[in-house]
Every structure is written in structure tokens, then in C-alpha cells.
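Below, chain A is the first sequence line, B the second, and so on; all start at residue 1.
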Number of protein chains: 4
Amino acid sequence: MSPRTPEQFDAIRSQRIRQIKDAALRLFARDGYANTSISKIAREVGMSKGLLYNYFSSKEDLLAAILEDGFAFAAALIEEVRAMSDPVERLRLVIERTFDHVAANADYWRLYTSLAFQPAANEVAGRMMEAGGTPQIVFEFTVDAFRQMQHPDPESEAWLLSAAIDGIFMHYLQIGEDYPLEKMKRYMLERFLNVLDGDGGGG
Amino acid sequence: MSPRTPEQFDAIRSQRIRQIKDAALRLFARDGYANTSISKIAREVGMSKGLLYNYFSSKEDLLAAILEDGFAFAAALIEEVRAMSDPVERLRLVIERTFDHVAANADYWRLYTSLAFQPAANEVAGRMMEAGGTPQIVFEFTVDAFRQMQHPDPESEAWLLSAAIDGIFMHYLQIGEDYPLEKMKRYMLERFLNVLDGDGGGG
Amino acid sequence: MSPRTPEQFDAIRSQRIRQIKDAALRLFARDGYANTSISKIAREVGMSKGLLYNYFSSKEDLLAAILEDGFAFAAALIEEVRAMSDPVERLRLVIERTFDHVAANADYWRLYTSLAFQPAANEVAGRMMEAGGTPQIVFEFTVDAFRQMQHPDPESEAWLLSAAIDGIFMHYLQIGEDYPLEKMKRYMLERFLNVLDGDGGGG
Amino acid sequence: MSPRTPEQFDAIRSQRIRQIKDAALRLFARDGYANTSISKIAREVGMSKGLLYNYFSSKEDLLAAILEDGFAFAAALIEEVRAMSDPVERLRLVIERTFDHVAANADYWRLYTSLAFQPAANEVAGRMMEAGGTPQIVFEFTVDAFRQMQHPDPESEAWLLSAAIDGIFMHYLQIGEDYPLEKMKRYMLERFLNVLDGDGGGG
DNA sequence: TATGAATGAGGGTTCATTCAT
DNA sequence: AATGAATGAACCCTCATTCAT
């Protein structure tokens with residue numbers, strides 16, 4: 001009965017936003033952005049369409065918010081790693097962190113990949129992906145590492161490594177939990193970075 | 001004056017079907033199946049919506065016809081390669097043929113990949129992909145080859161190779177002609193199959 | 001090889017028209033006029049849509065031609081019966097002829113009835129039915145007969161008789177060959193006209 | 001200012017549903033189900049097409065809801081009458097109630113009859129009519145009554161009575177208010193059940 | 001005579017978004 | 001904060017009809 005404090009309002013607000021984003025991500029990932037209606041999302045969350053529009057001004061806005069969350073991970077990772085002096089060690093960390101993030105956020109990556117494939121399909125997503133130029137930086141890290149390892153063709157090897165990683169993720173996202181993701185992570189580190197042990201930082 | 005012969009009708013039909021499939025593939029690949037309307041396809045071809053339905057009974061039917069064309073390539077490749085006695089040589093051929101097909105049919109693979117990512121989004125595509133179980137066979141070819149090469153962990157290496165290939169395709173499909181696809185093909189053959197030369201059968 | 005004579009052309013023409021009307025009647029009766037497309041009729045006959053339009057200038061024209069055939073029966077019956085001196089005998093003949101026509105042309109009556117129920121649904125049919133005022137005449141015959149039989153309420157009895165006949169037809173058209181149509185014909189003659197025997201004029 | 005209560009929403013819903021059903025029934029009855037577009041119904045009600053779909057998930061669903069209302073009458077009548085001990089009295093009541101229902105719901109019966117005539121034309125209606133097997137029960141009531149009245153041929157007489165009733169309805173539905181429906185009801189009761197007086201059970 | 005390609009209007013349906021309450 | 005009624009544009013699809021050949 002007592003009126004809610006502003007803090008309570010904020011808490012409710014944050015929780016609502018989280019619920020909406022979670023439901024939307026799940027549905028976007030499974031059925032595709034275009035095949036997911038606002039109605040379905042609202043029903044999944046258990047709120048009215050109208051209220052959903054109190055938190056996100058459009059379907060695209062909701063998509064942008066979801067993508068933003070994922071970009072934050074990439075930005076944080078770059079930040080964490082930028083100052084490292086050993087390129088090989090840096091690359092190792094990037095790989096481990098990324099594998100773990102994919103394992104923990106499969107839906108996000110499913111959505112991300114499906115959007116990345118058809119940038120023309122969605123203006124907002126297209127613009128955001130162009131802006132969030134993470135991959136470029138990571139690619140340069142990779143070349144650095146192979147150069148330091150005296151690899152004869154660091155560029156090709158970098159392309160290969162990043163292709164292998166993306167391919168592994170693709171397989172994992174399609175096959176799901178039957179895919180030996182953890183094993184492949186260790187196999188990658190071993191084959192590309194000669195890292196023999198390592199518990200993989202598994203979550 | 002005299003009525004058209006059946007051959008003339010057939011010619012018109014074939015040409016129209018080809019025009020429609022071409023336009024649809026282009027748009028599906030660029031904008032996504034869900035974002036491509038029949039109207040847009042018809043406009044692209046320069047015909048009325050109604051006429052399109054003389055050739056394809058539904059949007060899904062059109063999609064199926066397009067996918068079928070691609071599956072035919074896979075089936076033909078398997079057929080060609082099945083009887084080969086040397087697994088390594090067989091794998092080499094599969095890789096080369098597939099690289100070439102991807103290079104020549106980028107739109108098809110763009111569409112294919114985008115559909116493969118969200119099988120729940122499209123019933124028809126989902127069913128067709130389940131039925132056309134090519135990847136499984138190709139994976140077994142790969143394991144065979146590495147076993148013959150006495151690789152210590154043929155399964156993991158097979159996973160890695162197929163991931164690398166798919167990743168390369170992903171990059172190529174996203175980046176386009178700037179991507180060094182031909183170079184990566186040679187690099188792959190060299191690194192995974194110890195094939196040193198080879199002009200790659202380039203088309 | 002020898003060129004066809006005009007008579008042959010006419011014969012072909014008549015046959016085509018008959019085929020088209022037959023197929024159209026069957027489909028109109030079963031699926032309804034609105035649910036039957038020109039394409040379906042042409043396919044059923046085994047000719048092209050274009051050719052069908054050589055014989056009937058529109059779908060409505062085809063419907064009109066079919067209805068006309070049925071009206072011809074009614075007109076002929078009236079003609080045959082008009083001069084009869086005994087109203088009872090005349091009514092008996094009308095009933096027998098009508099039962100027989102319904103039995104032999106169930107599809108026509110199915111179509112006729114479905115159209116008669118919703119005159120607003122089809123302008124052509126509506127106009128034709130209004131013009132072909134057969135029922136009115138037959139009703140008067142019926143009243144005449146009952147008057148001659150000294151029935152205390154000839155009008156009501158006439159309404160009843162014609163309702164019973166129409167109801168029997170309705171049941172027959174809905175139930176089909178399981179319905180005891182012949183038996184009901186005899187029962188009607190017996191109960192309404194005191195006709196005890198009669199082989200029913202069975203065809 | 002304050003949001004609408006659930007009761008208010010319910011009231012709006014009920015009213016809209018009633019408006020839609022009323023308009024649809026009127027149009028279906030007059031023009032036929034196939035000739036009545038959702039647009040026309042919406043225009044008749046004065047709402048957008050889209051809103052109509054908030055209340056009925058499809059045109060067929062709307063039809064089903066309308067038919068359901070009519071079936072409810074039949075079920076209630078059967079229920080009311082089932083326990084009656086005197087078959088003749090029971091039949092009398094069924095006849096009176098049905099005449100009254102037809103008189104009060106002419107549009108419904110127009111629609112019903114038009115659908116019953118071409119079961120192949122509409123899957124939903126076909127299935128519902130098959131399931132709602134009222135006529136069969138009523139027919140058995142009728143036979144019972146004639147058997148109790150020692151009629152020499154109860155089955156034929158039952159067929160005749162039900163045909164007469166259906167025929168009367170047919171005439172009434174086609175002719176409209178000029179048809180002496182009330183008079184025919186009394187005439188039927190008198191001729192078939194020897195009921196001489198009766199206020200007609202007027203509703 | 002004969003074909004079927006071609007059109008265009010209209011039908012059923014969905015959905016992002018707005019708004020009164 | 002919260003609801004769901006309401007709209008309108010766009011979507012997939014059908015079909016009577018016309019026309020070049």
C-alpha cells in the first residue's frame with residue numbers, strides 16, 4: 001500500500017527490461033527477427049504490447065538493445081587485452097574468452113550470425129555491426145601473434161584461425177550441446193598456439 | 001497466326017522459371033527469405049505477381065526449387081567421388097569442388113547458410129535440409145582421409161577442417177570479392193592435406 | 001486429312017458445349033458456383049481456358065446456359081400438361097415427371113436449389129429465376145386439383161403438397177441414393193391424390 | 001485516466017463479437033459465405049479488417065461461431081424434450097419450437113440450408129454439421145410418435161412430415177414475410193398430429 | 001480452332017504501432 | 001504503470017478474363 005520508492009521503480013524497470021530482452025533474444029534466435037512479432041514477445045513475457053512499448057520505442061530499438069549487450073562484451077574484452085605485452089598470450093585469452101562467451105550466450109550468437117549474414121535485411125543491425133568493428137582489431141591481434149611466432153605466412157594463418165573459430169561456433173550453434181565445444185577449444189589452442197595444457201578456463 | 005507449339009511454350013516456361021529463380025535467389029540472399037516479398041520478386045523480374053504463381057505454387061515452393069538446385073550439386077559431388085579409392089585424394093576433390101561451387105554460387109550459399117541457422121524459422125527449408133544429409137557423408141570422408149594419413153586424432157582434425165572450411169566460406173560470403181578465397185583454398189590443401197602445388201582446378 | 005464439313009464442325013461444337021456444361025454442372029453442384037474456377041472446369045473437360053471462352057463468353061454465361069437447360073424441362077412440362085382437362089390427373093403427371101427429372105438430374109437441382117436460396121448472391125441466376133416463373137403456375141395447378149377434389153382448404157393443402165415435394169427433393173439431394181425417393185413418390189401420390197397403384201412411371 | 005477494468009474490456013469484446021456475428025450472418029445469409037468478404041463484413045460493422053481478426057482468427061472461425069449459436073438451440077431443444085413421456089406431445093413441441101426458431105432466425109436458417117446443400121464447398125461447415133447430428137434424433141422422435149398413433153407406415157409418414165416441415169421452411173426462407181408460416185404451422189399440427197386448436201405456442 | 005502466358009483486382013491474413021482509458 | 005482495442009499498410013495468394021501466337 002505504501003507508495004513505491006523511486007529505487008523500487010528503477011528496480012522494476014530494470015527487471016522488466018531484462019525480461020523483455022531475454023524473451024526477445026530467445027525468440028529472435030530461434031525463429032528469426034522477421035518471424036518474431038511483438039505480440040509473441042509480449043505474450044512470452046506476460047505483459048501487454050502497450051507496456052512493452054514503454055520500454056522500447058520500436059521493434060528495431062529492442063533489437064539494438066540486445067545487440068548492444070553483446071557488443072559490450074567485445075568492447076570489454078578488447079579493453080582487457082589491449083595492454084597485454086605478449087601477443088600470443090593475448091590471443092590465447094581472446095580465444096578462451098570468446099569460446100566461453102559463445103558457450104554461455106548461444107542465443108545471442110545465433111541471432112548475431114543470422115543478422116551478420118544479411119546486412120541488407122535490417123538497417124539497424126547493419127549499421128551497428130559496421131560501427132562495432134571488433135573483428136578487425138581481433139584479426140590484427142591474431143596476425144601479431146603469428147608474426148611473433150615467426151610463422152611463414154602470418155596473414156593466411158590468421159585468416160585460417162579466425163575461420164576455424166567461426167566455423168566451430170557455427171557448428172556448435174547449429175548442433176547444440178552434442179557438439180564437443182570444450183574439446184575443440186583445447187584442440188585449437190594446441191594446434192595453433194602450441195598450448196598443451198590449460199584447463200580451458202571452463203565455466 | 002498459327003498457335004504456339006508445345007516447344008515454344010516450354011521455352012517460355014523454362015525462361016520464366018529461370019528468371020524468377022534468379023531474381024528470388026538474389027533477393028533472398030541479400031535481404032532474407034522473410035524480408036523478400038513476392039511483389040518484390042515479380043517487380044525485379046518485370047512480371048505481375050499473378051504470373052509468378054503460374055510457375056510456383058507458393059513462396060515456399062519457390063524456395064524449395066531454389067534449394068533443390070543446390071542440393072543437386074551436393075548429390076552429384078557425392079556420386080562423383082564415392083567410388084574413389086584414395087580417401088585423401090577424394091577429400092581433396094571434395095574441397096576443391098566445394099570451394100569452386102561457393103565461389104560461383106555465392107548467393108545460393110548465403111541463402112543456404114542463413115536458413116541453416118534458424119531451422120525453426122522455415123518449415124520447408126528445415127525439412128529439406130534434414131533430408132539432404134550431405135554434410136554427414138562429407139564428414140565421414142574427412143575422417144577417413146585423416147585416418148589414412150595416420151593422424152593421431154582424426155575426428156578432431158576432421159571437425160577442425162570442416163569448421164575451417166565453413167568459416168572461410170562465411171568470411172567470403174560476408175566480405176565478398178575482397179576475400180582471398182582462392183588463396184585460402186590452396187592454403188587449406190597445403191596445411192591439411194600436404195598438397196603443395198595444384199593450380200586448384202580454378203574455374 | 002480431308003477438310004471437315006460444316007456439319008462436322010457443328011457436331012464438334014455441340015459436343016464441346018455439352019462436355020463443358022456437364023463438367024461445370026458437376027462442379028458447381030458439388031462445390032458451389034463461387035468455389036468453382038474456370039480453370040478447374042477446363043481441366044476437368046480436358047481443354048484450355050481459352051477454348052472454353054470460345055463457347056461461353058463468361059462464367060455467368062456458362063451458368064445461364066446450364067440453368068436454361070433446366071428451365072426448358074419446366075417449360076416443356078407445362079406445355080405438355082396445360083391442355084389436360086382433369087386437374088387431378090394433370091397434377092399427378094406433374095408430380096411424376098418432376099420426381100423423375102430430379103432423380104435423373106440431381107446435380108442440376110442441387111445447383112438450382114443452392115442458387116434459389118441466395119438470389120442476391122448471383123445476379124444472372126436471380127434474374128433468370130425471377131423470369132422463369134414456373135413454380136407459380138404449378139402451384140395454381142395444385143390448387144385447382146384440390147378444389148376439384150373438394151378439399152376443405154385447397155390453398156393450404158397446395159402449400160403443404162408443394163412443401164412436401166420440395167422437402168423430399170431436399171432430402172434426396174442431400175442424402176443421395178440411400179434416400180427412398182421412388183417409394184416416397186408413390187406415398188405422395190397415395191396420400192395426396194388417392195392414387196393407389198401406378199408403377200410410378202419409373203424410367 | 002485510470003486504465004480500463006477487465007469488465008470494461010469484456011463488455012467491449014462481447015459487443016464487438018455480437019456486432020460482427022450479426023453483420024456476418026446477415027451477409028452470409030443474403031449473399032452466401034463465399035461471396036461475402038471480410039472487408040464487406042468489417043465495413044458493415046464499421047471497423048477495420050484488422051480489428052475483426054482480434055475477435056475471430058479466420059473467416060471460417062467466424063462461420064463456426066455463428067453455426068455454433070444455432071446448434072446450441074438444437075441441443076437445448078433435444079435436452080428439453082428428451083424426458084417427455086408422450087411421443088406425440090414431444091413431437092408437437094419440437095415442431096412448434098422449430099417453427100418459432102425459424103421464424104425468429106430466418107437468416108441463420110438461410111445460411112444453414114445453403115451450407116447443408118453443398119457440404120463439399122466448406123470443410124468447416126461440413127464437419128460441424130456431421131458432428132451436430134440433431135436431425136437423426138428428431139427423425140427418430142417422429143417415427144416414435146407415428147408408431148404410438150398406430151400409423152400403418154410410421155417411417156414413410158415420418159419422412160413425409162419432416163420433408164413437409166423442411167419444405168415449408170424453404171418456402172418461408174425464400175418468400176419471406178408474405179409466406180403464411182404461422183398458418184402452416186397450425187395446419188401441420190392438425191393434419192399430422194390431429195391437434196385441432198393450439199395457440200401456436202407463440203413466442 | 002486452340003493454347004496457356006499474362007494481368008489486375010480483390011480476398012484472407014498479419015503485424016508494428018498508436019491511443020483512450 | 002498498464003491494458004488491449006483499433007488502425008492501415010503490406011503480405012501471400014486466387015481467379016475471371018484477355019491476348020499473342
Side-chain angles (χ1 to χ4, degrees), chain A residues 4 9 12-13 16 34-42 47-62, chain B residues 1-6 8-13 15-16 34-42 46-62, chain C residues 4 9 12-13 16 34-42 47-62, chain D residues 1-6 8-13 15-16 34-42 46-62:
Chain A
R4 279 191 263 252
F9 276 123
I12 291 176
R13 212 181 153 75
R16 293 285 204 198
N35 292 308
T36 302
S37 70
I38 290 285
S39 291
K40 244 191 281 183
I41 298 170
M47 71 173 45
S48 68
K49 275 180 294 180
L51 186 53
L52 195 152
Y53 273 88
N54 264 358
Y55 297 106
F56 298 94
S57 65
S58 72
K59 194 182 168 188
E60 288 211 323
D61 184 41
L62 171 54
Chain B
M1 277 304 147
S2 57
R4 269 192 270 245
T5 63
Q8 283 174 307
F9 280 128
D10 271 5
I12 293 176
R13 264 195 100 74
Q15 196 197 348
R16 285 307 206 183
N35 290 307
T36 302
S37 71
I38 289 286
S39 294
K40 253 190 272 183
I41 298 170
M47 67 172 51
S48 67
K49 270 183 302 176
L51 184 53
L52 195 150
Y53 280 91
N54 267 6
Y55 299 106
F56 296 95
S57 64
S58 70
K59 194 183 169 187
E60 287 209 327
D61 185 42
L62 171 54
Chain C
R4 279 191 264 253
F9 276 124
I12 291 177
R13 212 182 154 75
R16 293 284 204 199
N35 291 310
T36 301
S37 70
I38 290 284
S39 292
K40 244 191 279 183
I41 298 169
M47 71 173 44
S48 68
K49 274 179 296 178
L51 186 53
L52 194 152
Y53 273 89
N54 264 358
Y55 296 106
F56 298 94
S57 66
S58 71
K59 193 182 169 188
E60 287 211 324
D61 185 40
L62 171 54
Chain D
M1 278 304 148
S2 56
R4 269 193 270 244
T5 63
Q8 283 174 307
F9 280 127
D10 271 5
I12 293 175
R13 262 195 101 74
Q15 197 197 347
R16 285 308 205 183
N35 290 307
T36 302
S37 72
I38 289 285
S39 296
K40 253 190 271 182
I41 298 169
M47 65 172 51
S48 67
K49 270 185 301 178
L51 184 54
L52 196 151
Y53 279 88
N54 266 5
Y55 299 107
F56 297 95
S57 65
S58 70
K59 194 183 170 189
E60 287 210 326
D61 184 41
L62 171 54

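Heavy atoms only, all atoms of each residue included: C:A34 and D:A34 are closest at CB-CB, 3.6 Å.
Closest-nucleotide positions on DNA chain F for D:I12 and B:E60 were compared, and the one nearer the 5' end corresponds to D:I12. Both A:L52 and D:L52 lie near DNA chain F, and the one whose nearest nucleotide falls closer to the 5' end is A:L52. Each of C:G50 and D:G50 has a nearest nucleotide on DNA chain E; the 5'-most of these lies closest to C:G50.
Considering only the side chain of B:P3, E:dA2 comes nearest among F:dC13, E:dA2, E:dT21. Each of E:dG12, E:dT7, F:dA6 was ranked by its minimum atom distance to the side chain of B:L51; first place goes to E:dT7. Distance from the side chain of C:M47 is smallest to E:dT3 among E:dT3, E:dT1, F:dA5. Side-chain atoms of B:R13 lie closest to E:dA5 of the nucleotides E:dA5, F:dA1, F:dA6. The listed nucleotides are E:dT21, F:dC13, E:dT1; the one nearest the side chain of C:F9 is E:dT1. Out of E:dA6, F:dC12, E:dA16, the shortest distance to the side chain of B:S37 is found at F:dC12. Checking F:dA6, E:dA6, F:dA16 against the side-chain heavy atoms of B:S48 singles out E:dA6 as nearest.
Taking 4.5 Å as the limit, some side-chain heavy atom of D:R16 sits within range of a side-chain heavy atom of D:L51.
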Which nucleotides of DNA chain E pair, in dot-bracket form (Watson-Crick or G-U under 3.5 Å, | meaning another strand): .||||||||||||||||||||
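For the pair A:F56 CZ and E:dT17 P, the interatomic distance rounds to 13 Å; values are reported in whole Å. Distance, B:L62 CG to F:dC13 P: 10 Å, rounded to whole Å. Residue D:N35 contributes atom CG, which lies 10 Å from atom P of E:dG11 at whole-angstrom precision. Distance, B:I38 CD1 to E:dT13 C1': 15 Å, rounded to whole Å. E:dT3 atom P lies 10 Å from atom CG of C:N54, rounded to whole Å. Rounding to whole angstrom units, NZ of residue D:K40 and P of E:dG10 are separated by 12 Å. When the C1' atom of E:dG12 is taken as reference, atom OH of B:Y53 falls 13 Å away, rounded to whole Å. As rounded to whole Å, 15 Å separates atom P of F:dT14 from atom NZ of D:K59.
Atom-to-atom distance recorded for D:K49:NZ and D:I38:CD1 is 9.0 Å, nearest 0.5 angstrom. Interatomic distance, OG of D:S2 versus CD of D:Q8, reported as 7.5 Å (0.5 Å rounding). Atom CG of residue D:D61 and atom OH of residue D:Y53 lie 10.0 Å apart, to the nearest 0.5 angstrom.
Taking 4.0 angstrom as the limit, A:Y55 places a side-chain polar atom (N or O) nearer than this to OP1 or OP2 of F:dA2. At the phosphate of F:dA1, neither OP1 nor OP2 sits under 4.0 Å from any side-chain N or O atom of A:R16. In terms of phosphate contacts, C:K49 brings no side-chain nitrogen or oxygen within less than 4.0 Å of OP1 or OP2 of E:dG4.
Across all strands shown, D:S58 has heavy atoms under 4.0 Å from sugar-phosphate atoms exclusively, and none from any base. Across all strands shown, A:S57 has no heavy atoms under 4.0 Å from either base or sugar-phosphate atoms.
Under the side-chain contact (heavy atoms from CB on, under 4.5 Å) test applied with C:M47, the options C:N54, C:L52, C:I41 reduce to a single match, C:L52.
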